[in-house]
Amino acid sequence: MQVMAARDDKKGYLLVTNYTEEEETVTLELTGMPGADMQMYLLDETHSLDIVDSDSFGAAACVKKEVVLPKMSVALVELQFR
């Protein structure tokens, strides 16, 4: 499992990979978050960057989001800050 992140004042992105032969569940802990709208795109054997989850949350010291990654998959989490 590997994670890469980037952000500016308007958007943030997390790229999460699962290159194992087993489904993995990870908990993303995002600290010092402004309010945001989130969409998660999945790339695996049955999804081609399809939106598989969306959520919204207000400003918080810590936001936790559980993400289930199928085997051999990549998830892109996009955050649009408010």
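This is a predicted model, so every value here is computed, not measured.
- Between atom CG of residue Asp55 and atom CG of residue Asp37 there is a gap of 9.0 Å, rounded to the nearest 0.5 Å.
- At distances below 3.5 Å, not a single donor-acceptor pair connects side-chain atoms of Arg82 with backbone N or O atoms of Gly35.
- Taking CG from Leu42 and CG from Asp53, the interatomic distance works out to 10.5 Å, rounded to the nearest 0.5 Å.
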**Prompt:** Run the side-chain hydrogen bond (donor to acceptor under 3.5 Å, both in side chains) check on Ser73 and Asn18 step by step: do they pass?
**Reply:** CA-CA 5 Å; Ser73 65; Asn18 176 17; 4.6 Å; no
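- In terms of hydrophobic clustering, with Ile, Leu, Val, Met, Phe, Trp and Tyr side chains grouped at heavy-atom distances under 4.5 Å, Val63 and Leu28 are assigned to a common cluster.
- Heavy atoms only, all atoms of each residue included: Leu49 and Tyr41 are closest at O-CD2, 3.5 Å.
- Leu76 contributes atom CG, which lies 10.0 Å from atom CE of Met4 (distance to the nearest 0.5 angstrom).
- In this structure, the separation between CD on Glu78 and CE on Met38 is 10.5 Å, given to the nearest 0.5 Å.
- Hydrophobic clustering, with ILVMFWY side chains joined whenever heavy atoms are under 4.5 angstrom apart, keeps Met40 apart from Tyr19.
- Rounding to the nearest 0.5 Å gives a distance of 4.5 Å between CD of Glu66 and OG1 of Thr27.
- Of all heavy-atom pairs spanning Pro34 and Phe81, the tightest one is CG-CD2, 3.6 Å.
- The hydrophobic clustering, which links ILVMFWY residues whose side-chain heavy atoms are closer than 4.5 Å, places Val74 and Tyr13 together.
- Placement of Leu15 and Met33 in two distinct hydrophobic clusters is found when ILVMFWY residues are connected by side-chain heavy-atom separations under 4.5 Å, directly or transitively.
- Annotation: side chain of His47 is in contact with side chain of Val52 (closest heavy-atom distance under 4.5 Å).
- The shortest non-hydrogen separation linking Gly12 to Arg7 is CA-CB, 3.8 Å.
- Closest approach of Val16 to Val3, counting heavy atoms only: CG1-CG2, 4.0 Å.
- Under the 4.5 Å side-chain heavy-atom criterion for Ile, Leu, Val, Met, Phe, Trp and Tyr, Met1 and Val67 are members of the same hydrophobic cluster.
- Atom CG of Leu14 and atom CG of Leu79 lie 6.0 Å apart (nearest 0.5 Å).
- Atom CG of Asp8 has more than 12 neighbouring heavy atoms from other residues, nucleotides or ligands inside a 6.0 Å radius.
- With contacts defined as side-chain heavy-atom distances shorter than 4.5 Å, the pair Glu45/Met72 does not qualify.
- Classification of Lys71 and Asp44 as a salt-bridged pair fails, no side-chain N sitting under 4.0 Å from a carboxylate O.
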